[in-house]
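See below for the structure under consideration.
Letters A, B, ... mirror the listed sequences (proteins, then strands); counts begin at 1. Predicted model, so just to flag it, every value in this text is computed and none were measured.
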2 protein chains.
Amino acid sequence: MATPSPEVASVRLDPAESGLHARLLDQLGTAVCAGQLPPGSVLYIDDLVEQYAVSRSVVREVLRVLSSMGLVESRRRVGTLIRAAGDWNVFDPQVIRWRLASAGRIAQLRSITELRTAVEPQAASLAAHRATPQEASELVGLAAKMWAAGKAGDEAEFLRLDIEFHRLVLVDSGNEMFVKLHELVAEVLAGRYHYDLMPHYPHEQALQLHADVAQAIQRRDGERAKTAMVQIMEQAMLEMSAIWAQTGPDSAG
Amino acid sequence: MATPSPEVASVRLDPAESGLHARLLDQLGTAVCAGQLPPGSVLYIDDLVEQYAVSRSVVREVLRVLSSMGLVESRRRVGTLIRAAGDWNVFDPQVIRWRLASAGRIAQLRSITELRTAVEPQAASLAAHRATPQEASELVGLAAKMWAAGKAGDEAEFLRLDIEFHRLVLVDSGNEMFVKLHELVAEVLAGRYHYDLMPHYPHEQALQLHADVAQAIQRRDGERAKTAMVQIMEQAMLEMSAIWAQTGPDSAG
DNA sequence: CTAGGCCGATAAAGCTGACTTAAGCAAGAC
DNA sequence: GTCTTGCTTAAGTCAGCTTTATCGGCCTAG
């Protein structure tokens with residue numbers, strides 16, 4: 001496309017997003033998710049004011065947001081406590097991004113991949129019942145483009161199409177929560193590319209399976225759509241497991 | 001009920017949670033999710049300061065939190081805009097609670113129920129592989145108690161055990177995100193009871209299926225655990241659909 | 001008559017310092 | 001030994017202020 005697309009216009013959550021609030025939020029969020037601030041340790045507003053050279057307002061607003069994400073908990077006369085990982089809102093896109101950037105990357109990837117394994121086949125099945133002919137056609141077209149990009153070895157284009165394909169399936173499922181899940185999946189797909197935690201070359205079989213899903217949805221065959229999607233997920237899971245076994249069994253716990 | 005149950009001690013997110021911040025957050029969040037503040041409409045900090053008789057700090061911190069939930073968006077020189085429902089973090093427990101309390105209740109219930117339908121069978125399958133003998137035994141015990149409560153017609157007790165059973169399956173799946181999902185499911189189960197959107201009496205077959213799931217997990221039979229859980233989900237979906245058709249096809253869109 | 005840049009009004013963003021509240025802790029009373 | 005009292009402390013709340021980005025109208029140049 002000729003459009004430069006300066007901003008995706010969806011959610012601007014970049015670190016240096018031109019604002020003290022966003023910057024501090026990102027720094028503290030990253031520190032907590034990375035374990036640099038272990039659970040139980042305490043933060044003090046006045047310290048943060050000094051450390052980061054920002055005003056009380058900024059610090060307080062950031063702590064409020066972190067609190068709503070379950071990362072910290074403010075108590076009078078005590079300070080602001082870092083909470084255990086089990087208390088975090090692991091479905092918050094911000095939290096996912098921070099975790100993908102931390103050492104807990106592998107655990108985050110596995111969790112979301114397992115979630116995908118559960119959700120996407122169901123979504124494919126629902127989409128087969130609910131998608132309009134136009135939507136189904138678009139899916140078939142996308143699968144065809146994926147095939148072409150895969151054959152041509154265009155990794156970047158394949159990744160883009162792959163994300164879009166799975167997004168459309170979730171959208172066509174007609175479930176708002178599945179749609180929202182696409183956001184998280186996109187983080188993972190982008191993350192696995194960025195962090196080299198995934199084989200970039202698409203397998204021959206994966207290309208065929210995407211085409212199968214699209215075709216099954218178009219023909220309103222929920223069972224076949226689901227089965228094909230299950231196979232896509234199983235294959236993705238196998239590939240990622242293989243990579244994890246090599247690169248880092250460190251933070252697998 | 002005779003039990004006063006002053007605090008569940010898990011997460012204190014009650015409306016009048018002794019704090020201006022929590023109270024205003026709840027009021028605004030409820031108003032947005034209920035559609036009283038339609039997307040595109042604008043809030044002004046100074047107006048809110050007057051209306052709710054609180055200080056700027058409180059208003060700004062609340063708006064920051066709502067912003068992190070995707071409910072609003074602050075723009076200089078414009079004000080604070082209410083965002084469309086599609087932008088909301090529908091996985092945030094707060095947002096779910098607000099939506100369950102609004103007219104969009106049915107849509108929320110259906111979304112989460114579909115999500116459960118996808119996730120819980122997968123969780124049962126994973127639990128069959130990962131649960132320790134102790135965990136499996138506890139599940140079998142719970143299923144037995146559910147049977148007893150169901151036969152005795154003790155609705156409140158059955159609901160409590162039902163929530164605990166599904167929570168344990170998700171915990172035993174070993175996936176942190178599945179565990180977190182239990183929180184949302186508990187909201188729904190409590191909500192369906194509270195809002196009378198669900199038949200309270202447990203079916204004979206449901207009792208048997210819960211026992212089947214527990215037994216399959218104990219015997220490490222992932223496939224059978226998954227199949228039984230699928231049936232539980234299908235039955236729950238059918239029952240809820242029936243109720244929705246009667247009570248309110250209003251906000252089904 | 002249109003395109004593009006200039007400028008002022010406006011509302012959020014951010015800063016400051018003081019006061020209030022309540023949770024924790026320790027000393028003292030029973 | 002237990003209970004109460006009161007002090008300490010850090011978050012909570014407030015009010016007023018300065019700064020900054022942006023929108024929308026206006027004006028000029030093509």
Spacing between [X] atom [atom1] and [N] atom [atom2], to the nearest angstrom:
{"X": "B/L63", "N": "C/dG14", "atom1": "CG", "atom2": "P", "result": "14 Å"}
{"X": "A/H21", "N": "C/dA12", "atom1": "NE2", "atom2": "C1'", "result": "13 Å"}
{"X": "B/R64", "N": "D/dG12", "atom1": "CZ", "atom2": "P", "result": "17 Å"}
{"X": "A/E61", "N": "D/dT13", "atom1": "CD", "atom2": "P", "result": "13 Å"}
{"X": "A/L66", "N": "D/dA11", "atom1": "CG", "atom2": "C1'", "result": "16 Å"}
{"X": "B/L24", "N": "D/dC14", "atom1": "CG", "atom2": "C1'", "result": "15 Å"}

Those residues of residues 44-52 of chain A lying under 4.0 Å from DNA chain D by at least one heavy atom: A/Y44, A/I45
- prompt: Contact class for A/S74 (heavy atom, under 4.0 Å): base, sugar-phosphate, or nothing?
  reply: sugar-phosphate
- request: Could you tell me whether B/L81 contacts a base, only the sugar-phosphate backbone, or nothing, with contacts defined as non-hydrogen atoms closer than 4.0 Å?
  value: nothing
query: Looking only at side-chain N and O atoms, does B/R60 come under 4.0 Å of OP1 or OP2 in D/dC14?
result: no
task: Determine: side-chain N/O of B/S55 to OP1/OP2 of D/dC14, distance under 4.0 Å, yes or no.
output: yes
query: Can a salt bridge be assigned to the pair B/K145 and B/E164 using a cut-off of 4.0 Å between side-chain N and carboxylate O?
result: no
query: Salt bridge between A/R64 and A/E61, side-chain N to carboxylate O under 4.0 Å?
result: no
field: Residues forming a salt bridge (Lys or Arg N to Asp or Glu O under 4.0 Å) with B/E135, sequence neighbours excluded
entry: none
Side chains of [X] and [Y], heavy atoms from C-beta outward: is any pair under 4.5 Å?
{"X": "A/W88", "Y": "A/M69", "result": "no"}
{"X": "A/Q122", "Y": "A/N175", "result": "no"}
{"X": "B/C33", "Y": "B/L71", "result": "yes"}

- prompt: With under 30° as parallel and over 60° as perpendicular, where do the rings of A/F91 and B/F91 fit, or are they tilted in between?
  reply: parallel
message: Give me the atom names and distance for the closest heavy-atom approach of A/V90 to B/M177.
response: O-CE, 3.4 Å
Check: B/L100 main-chain N/O paired with B/R105 side-chain donor or acceptor under 3.5 Å: yes
Mind listing the N/O atom pairs, protein and nucleotides 17-28 of chain C, below 3.5 Å?
from	atom 1	to	atom 2	distance (Å)
C/dT21	O2	A/R76	NE	3.3

message: Let's see if you can work this out: which of D/dG12, C/dT16, C/dG14 has an atom nearest to the side-chain heavy atoms of A/L20?
response: C/dG14
